[in-house]
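Some notes on the structure that comes next.
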Amino acid sequence: MDTPKRIALVTGSHKGLGYAIARKLGQQDGIQVIVTSRKEQDGLSAQQRLATEGIEVDYHPLDVTNDFSVQQLTEWVQQTYSKVDVLVNNAGVNPTMQPEEASLLTVQLETMLETLTTNVLAVARITQALLPFMQAQNYGRIVNVSTEMASLTTIDSDYYPLAPSYRLSKVGLNGFTVLLAKELQGTNILVNSYSPGWMQTDMGGSEAPFTADEGAETAVYLATLPEHGAQGKFFAEMRKFGGPIALAW
Ligand SMILES: NC(=O)c1ccc[n+]([C@@H]2O[C@H](COP(=O)([O-])OP(=O)(O)OC[C@H]3O[C@@H](n4cnc5c(N)ncnc54)[C@H](OP(=O)(O)O)[C@@H]3O)[C@@H](O)[C@H]2O)c1
């Protein structure tokens with residue numbers, strides 16, 4: 001009898017890092033990927049591009065900041081697969097290039113709120129919706145895409161811009177990872193954060209040293225962890241160190 005495929009959902013996966021993660025997971029035997037995007041045309045186009053490479057993914061619209069959209073996705077997952085095995089929380093926004101983000105004295109609180117809404121609250125929303133599928137089968141892998149800019153241990157010595165909205169949102173995401181890991185102790189549902197490094201995407205810009213494909217490597221590693229694998233950790237991009245390395249929070 002065939003082993004049922006793992007169902008892997010990647011948020012914001014029509015382009016950039018999310019697309020690269022969906023593509024790499026979709027290349028693995030035994031994984032059925034669900035590509036999601038807030039604009040349907042974007043997602044359908046990504047699905048077609050992957051199909052030209054022989055990677056057959058499913059697609060469903062998803063705006064992670066919208067309760068109704070998450071509810072519709074959850075109902076569709078229930079009807080179509082009755083489970084989710086892997087959730088990659090990739091969708092994110094980054095207003096760091098706005099001049100106001102150079103100082104806490106000028107940062108626009110509205111921008112900070114919007115950033116927290118997408119990068120933290122939306123992760124809580126989609127996790128609340130999909131975790132019950134994982135709990136029902138005592139299997140799950142949750143990958144939260146963070147950044148080393150959110151490491152509180154190195155924040156006073158790193159060379160990145162101040163970027164308060166973005167950093168605080170990813171600090172919040174990392175905190176979410178730790179708290180969820182505590183709640184999931186003793187289960188086979190593993191949740192981790194990771195930093196993909198500075199990549200050539202719309203967010204990272206063309207000057208970035210690494211490709212989205214390179215940034216996707218650690219996501220695939222964390223999405224396919226074995227039982228008793230890492231729980232509640234913060235990983236660096238694997239390519240930088242030649243293997244999985246945990247960062248200081
Ligand atoms: N690029 C880097 O150097 C870098 C470094 C460290 C961490 N990261 C993280 O990597 C992740 C992916 O970033 P990227 O570089 O691939 O950036 P990107 O090309 O700008 O992609 C961001 C993705 O998030 C989606 N998104 C934003 N808001 C959404 C919402 N409300 N609902 C659903 N999807 C939403 C975008 O969809 P739309 O096209 O509809 O906006 C897009 O698919 C982010 O979490 C980012 O913080 C990136």
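Quick note: numbers below take in every heavy atom, side chains included, and nothing from hydrogens, waters or symmetry partners. Read the numbers this way: they start at 1 and go in the same order the structure lists the ligands and their atoms. Counting begins at 1 with the first residue of the sequence.
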Which atoms from ligand 1 have a heavy atom of Ser146 less than 4.0 Å away? 6 (C), 7 (C)
Salt-bridge present (Asp202, Lys15; N to O < 4.0 Å): yes
Contact atoms of ligand 1, heavy-atom distance to Met199 under 4.0 Å: 1 (N), 2 (C), 3 (O), 4 (C), 48 (C)
Heavy-atom proximity to atom 17 (O) of ligand 1, picking from Met203, Glu237, Lys170, points to Met203
What part of Thr118, side chain, backbone, both or neither, has a heavy atom within less than 4.0 angstrom of ligand 1? side chain
Does His14 reach ligand 1 with a nitrogen or oxygen that is under 3.5 Å from one of the ligand's nitrogen or oxygen atoms? yes
Side chains of Asn119 and Tyr166: is there a donor and an acceptor less than 3.5 Å apart? no
With a sphere of 6.0 Å drawn around NZ of Lys233, does it hold more than 12 non-hydrogen atoms of other residues, nucleotides or ligands? no
Just to be sure I read this right, does ligand 1 sit under 4.0 Å from the backbone of Leu62, its side chain, both, or neither, counting only heavy atoms? backbone
Contact partition for Pro196 relative to ligand 1, non-hydrogen atoms under 4.0 Å: side chain
Closest to atom 1 (N) of ligand 1 (judged by heavy-atom distance), picking from Thr117, Ile126, Thr201: Thr201
Taking Leu162 as the fixed residue, which of Leu104, Thr96, Thr106 is the one that meets the side-chain contact (heavy atoms from CB on, under 4.5 Å) rule? Leu104
Could you tell me if any non-hydrogen atom of Asn94 lies under 4.0 Å from any atom of ligand 1? no
Minimal non-hydrogen separation, Val107 against Ser165, with atom names: CG2-OG, 3.5 Å
Which heavy atom in Gly232 sits nearest to a heavy atom in Asn192, and how many Å separate them? N-OD1, 3.2 Å
So is Gly18 polar-close to ligand 1, meaning N/O to N/O under 3.5 Å? no
Looking only at protein heavy atoms, what sits closest to atom 5 (C) of ligand 1 is Gly197 O, 3.1 Å
A student checking ligand 1 against Asp202 at a 4.0 Å heavy-atom cut-off should list atoms 19 (O)
Among all protein non-hydrogen atoms, which one is nearest to atom 35 (C) of ligand 1, and what is the separation to 0.1 Å? Ala91 CB, 3.5 Å
Against ligand 1, does Thr11 come closer than 4.0 Å with any heavy atom? no
Starting from atom 32 (N) of ligand 1, what is the nearest protein heavy atom, named by residue and atom, and what distance separates them? Val64 N, 3.0 Å
Could you tell me whether the side chain of Val88 reaches within less than 4.5 Å of the side chain of Leu9, counting heavy atoms only? no
Compare all side-chain heavy atoms of Val143 with those of Leu87 and state whether any distance is below 4.5 angstrom. no
When you measure from atom 43 (O) of ligand 1 to every protein heavy atom, which one gives the shortest distance, and what is it? Gly12 O, 3.1 Å
Give a yes/no on ligand 1: does Glu148 have at least one heavy atom closer than 4.0 angstrom to it? no
State whether the shortest distance between N or O atoms of Val93 and N or O atoms of ligand 1 falls below 3.5 angstrom. no
Should Ser13 be counted as touching ligand 1, given the test is an N or O pair under 3.5 Å? no
Ser151 to Ala248 - nearest heavy-atom pair and separation: OG-O, 2.9 Å
Ligand 1 contact on Met149 by region, counting heavy-atom pairs under 4.0 Å: neither
Tyr166 heavy atoms within 4.0 Å reach ligand 1 at atoms 6 (C), 7 (C), 8 (N), 9 (C), 46 (C), 47 (O)
ILVMFWY network linking Ile7 to Tyr59, side-chain heavy atoms under 4.5 angstrom: no
Close side-chain approach of Ile245 to Phe235, heavy-atom, < 4.5 Å: no
So is Arg167 actually on top of Tyr160's ring, under 6.0 Å and inside 45° of the axis? no
Heavy-atom neighbours of Asp156 CG exceed 12 at 6.0 Å: yes
Does Glu53 CD have over 12 foreign heavy atoms under 6.0 Å away? yes
Residue selection (non-hydrogen contact nearest atom 45 (O) of ligand 1) among Val70, Asn90, Asn119: Asn90
Do the side chains of Ile21 and Leu25 get nearer than 4.5 Å, heavy atoms only? yes
I need the atoms of ligand 1 closer than 4.0 Å to a non-hydrogen atom of Gly204, numbered in the order shown. 1 (N), 3 (O)
Within the 4.0 Å heavy-atom shell around Trp198, which atoms of ligand 1 are there? 3 (O)
Nearest protein heavy-atom contact for atom 9 (C) of ligand 1: which residue, which atom, what distance? Val145 CG1, 3.6 Å
Between Trp249 and Phe234, what is the ring plane arrangement, given parallel below 30°, perpendicular above 60°, and tilted in between? parallel
Looking only at protein heavy atoms, which one is nearest to atom 18 (P) of ligand 1, and how far off is it? Lys15 CE, 3.9 Å
Among all protein heavy atoms in this structure, tell me which lies nearest to atom 31 (N) of ligand 1, with the distance rounded to 0.1 Å. Asp63 OD1, 2.9 Å
For Gln27, look at atom CD and say whether over 12 heavy atoms of other residues, nucleotides or ligands are found less than 6.0 Å away. yes
Suppose I only count heavy atoms of Gly16 and a 4.0 Å limit; which atoms of ligand 1 are within that range? 16 (O), 19 (O)
Name the closest protein heavy atom to atom 22 (C) of ligand 1, giving the residue it belongs to and the distance to 0.1 Å. Gly92 O, 3.7 Å
Record the part of Lys39 in heavy-atom contact with ligand 1 below 4.0 Å; permitted values are side chain, backbone, both and neither. neither
Thr147 to ligand 1: N or O pair under 3.5 Å? no
Is there a polar contact, in the sense of an N or O pair closer than 3.5 Å, between Arg38 and ligand 1? yes
Under a 4.0 Å threshold between the charged nitrogen and the carboxylate oxygen, would Asp63 count as salt-bridged to Lys39? no
